[in-house]
Number of protein chains: 2
Amino acid sequence: MSAAVKPVPPGRPRGARTRESILRAAVDLASMEGLAGLTIGRLADELEMSKSGLFAHFGSKEELQLATVEMARTIFVEHVINPALAAPKGMPRLWALCNLWLEHVEERIFSGGCFFTAASFEFDSRPGAVRDRIAQVMRKWLDILTRAAQSAQEAGHLKAAIDPAGLAFEVYSLAMGGYWAKELFHDSKATAQVRSAILERIRAVATKSCPRMPPRR
Amino acid sequence: MSAAVKPVPPGRPRGARTRESILRAAVDLASMEGLAGLTIGRLADELEMSKSGLFAHFGSKEELQLATVEMARTIFVEHVINPALAAPKGMPRLWALCNLWLEHVEERIFSGGCFFTAASFEFDSRPGAVRDRIAQVMRKWLDILTRAAQSAQEAGHLKAAIDPAGLAFEVYSLAMGGYWAKELFHDSKATAQVRSAILERIRAVATKSCPRMPPRR
DNA sequence: ATTCTAATAGCACGAACGTTCGTTTATATG
DNA sequence: CATATAAACGAACGTTCGTGCTATTAGAAT
């Protein structure tokens, strides 16, 4: 275990590079041991640097947690949101969002599964800036799903009787359930099963003019 | 805050009563601050008793956590499982299980929402006895839902093409999603909305001979 | 090569952590 | 009433927590 500060490719001020290394490790640790359980000493050990040296980058634990959330968000955008924007608007994009979300869980982009789902449940009863930011990011994520469903409706892919926000919520609930089962029961088939369930649900509310959506894996 | 050891009705050895008081407080605290974040000193403060006196009841923190899980399970059985067994077998019972699960979240039977859902996500990457027990309890809960769906199929309430385990998983995922949204977004309508979503899903897979299921609230 | 500044380390702090120990206070038994 | 047992306490252990303060280093600029 424990690989000294990863030499993030140079090009920027030295401090910024270390900071990024710290945050990448923080996201990883937090996704496994929880964002609240994340400890400065533990993190410093992992990076083979001093507690005080690490601490100086953030000034307080809450700032470290907030910065960790931002880094997690960046990673999430990079691995899920942006690739999904490559899919054509409408239903295919909604499907791509679900599919890529499941893939990011399967491929353990975050070592502990899904950073934000875990953080949501950890902080939902802990008032403060961290909680607020997590809620904000999740709200945005649901909005993105909802907008995809709305586009699908405008494009005539989605039956007019269906509520886009409701559909977004339902598919994401299924995805979370798959993550839950996979991690808790060590059930490697769980995500594949919810992939089918989501696809089935989407097909049930799709019109005939909805383009065919291949299961990406 | 902080009410001295609640005088759990007498009739049993003194120690057992204190132990129960401790565990009821522990479940409450853990459902808000997390089962891992649960602290002996904090818990002792809440109960206005000494750390050492409290500690003596369990011998180790892990034992305290395990005992807390058992207490949470007892409360869950009392408020969700047992009342649901009053519903007739088959689809009505599956619906009662979902409905009562949502009610136990709405009525904050656990101050922090749903003890087991939160604990699941908290411990899924933390090997050990606590994790194993949580997984066991959750497996059992899914089995109960699945058996209800099977009974529904045998009674002819559920279409033969539907996989009972899959249906059980889907409705519980929706329920968890409702809990997630309610707590994270402070959205008091969330559970009512998933109640409808679940009912709709159930109706979509029910046969014509399935008894009518009134929304319980 | 020297200077300046930003980044890191070292050390110390008070508080809280889980845990142990010896003692005191209740309760139940003779 | 005396005594045995169970339950709770108070103090202290060694460790780790988050956070300061000061010194030392390393990279960039001159």
Side-chain angles (χ1 to χ4, degrees), chain A residues 2-26 29-30 33-69 122-123 126 128-130, chain B residues 2-26 29-30 32-68 122-123 126 128-130:
Chain A
S2 82
V5 183
K6 259 185 222 157
V8 171
R12 279 160 306 155
R14 189 162 71 98
R17 275 180 284 135
T18 336
R19 194 185 143 99
E20 184 173 328
S21 304
I22 294 173
L23 289 178
R24 292 199 178 273
L29 245 178
E33 316 194 349
L35 183 57
L38 180 62
T39 250
I40 296 173
R42 176 99 173 66
L43 187 53
D45 279 355
E46 204 79 20
L47 292 154
E48 293 177 20
M49 68 181 293
S50 69
K51 250 193 353 168
S52 51
L54 192 158
F55 182 81
H57 281 272
F58 307 97
S60 79
K61 170 143 184 190
E62 192 177 50
E63 279 308 315
L64 167 62
Q65 288 174 323
L66 287 169
T68 303
V69 170
E122 200 180 0
F123 276 83
R126 293 184 188 229
V130 179
Chain B
S2 84
V5 182
K6 260 186 219 158
V8 170
R12 279 161 305 156
R14 188 161 74 99
R17 274 180 285 138
T18 337
R19 195 184 141 98
E20 185 173 328
S21 304
I22 293 172
L23 290 177
R24 292 198 178 274
L29 245 178
M32 296 169 52
E33 315 196 349
L35 184 56
L38 181 61
T39 248
I40 296 173
R42 176 95 174 68
L43 187 53
D45 280 354
E46 204 80 21
L47 291 155
E48 293 178 19
M49 70 182 293
S50 69
K51 254 197 339 176
S52 52
L54 191 157
F55 183 83
H57 282 272
F58 307 97
S60 79
K61 172 148 183 186
E62 191 176 50
E63 279 307 316
L64 167 62
Q65 289 174 323
L66 287 168
T68 303
E122 199 179 2
F123 277 82
R126 292 185 190 228
V130 179

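Numbered from 1 within each chain, the chains take letters A, B, ... in sequence-line order.
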(request) Provide, to the nearest angstrom, the distance between the CD atom belonging to B/Glu63 and the P atom belonging to C/dT20. (result) 13 Å
(message) Can you measure A/Lys61 atom NZ to D/dG20 atom P for me and round it to whole angstrom units?
(response) 15 Å
(request) Check the distance between D/dA11's P and B/Ile40's CD1 and give it to me in whole angstrom. (result) 19 Å
(message) Tell me the closest heavy-atom pair linking A/Arg19 and A/Ala67, and the distance in Å.
(response) NH2-CB, 3.8 Å
(request) Indicate the atoms forming the closest heavy-atom contact of B/Ala26 with B/Thr68, along with that distance. (result) CB-OG1, 3.6 Å
(message) Between A/Lys61 and A/Leu38 (side chain of the first, backbone of the second, donor and acceptor by atom type, cut-off under 3.5 Å), is there such a pair?
(response) yes
(request) Mind calculating the distance between CG (B/Asp45) and P (D/dG10) to the nearest angstrom? (result) 12 Å
(message) If the cut-off is 4.0 Å, is A/Thr18 near the phosphate of C/dA7, judged by side-chain N/O to OP1 or OP2?
(response) no
(request) Consider the side chain of B/Ser60, meaning its heavy atoms from C-beta on, and name the nucleotide among D/dT19, D/dG18, C/dT19 that approaches it most closely. (result) C/dT19
(request) Starting at atom CD of A/Glu33, determine the distance to atom C1' of D/dT16, rounded to an integer number of angstrom. (result) 14 Å
(request) Give a yes/no on whether any side-chain N or O of A/His57 is located under 4.0 angstrom from OP1 or OP2 of C/dT8. (result) yes
(request) Using whole Å, report how far CZ of B/Phe55 lies from P of C/dT19. (result) 4 Å
(message) If you assign A/Gly59 and A/Thr39 each to the DNA chain D nucleotide with the nearest heavy atom, which residue ends up on the more 5' nucleotide?
(response) A/Thr39
(request) Might you point out which heavy atoms bring B/Phe58 and B/Glu63 nearest each other, and give the distance in Å? (result) O-CB, 3.4 Å
(request) Examine the base of D/dG18 for any acceptor or donor lying under 3.5 Å from a partner atom in the side chain of A/Lys51, and report the outcome as yes or no. (result) yes
(request) Of all the heavy-atom pairs spanning A/Glu33 and B/Arg126, show the shortest one and how long it is. (result) O-NH2, 2.8 Å
(request) For A/Leu38 and D/dC17, give me the distance from atom CG to atom C1', rounded to whole Å. (result) 12 Å
(message) So, OP1 or OP2 of D/dC21: does either fall under 4.0 Å of a side-chain N or O from A/Ser52?
(response) no
(message) Does a side-chain N or O of B/Ser50 approach OP1 or OP2 of D/dG10 to a distance below 4.0 Å, or not?
(response) no
(message) Nearest whole Å is fine: how far is C/dA7 P from A/Phe58 CZ?
(response) 12 Å
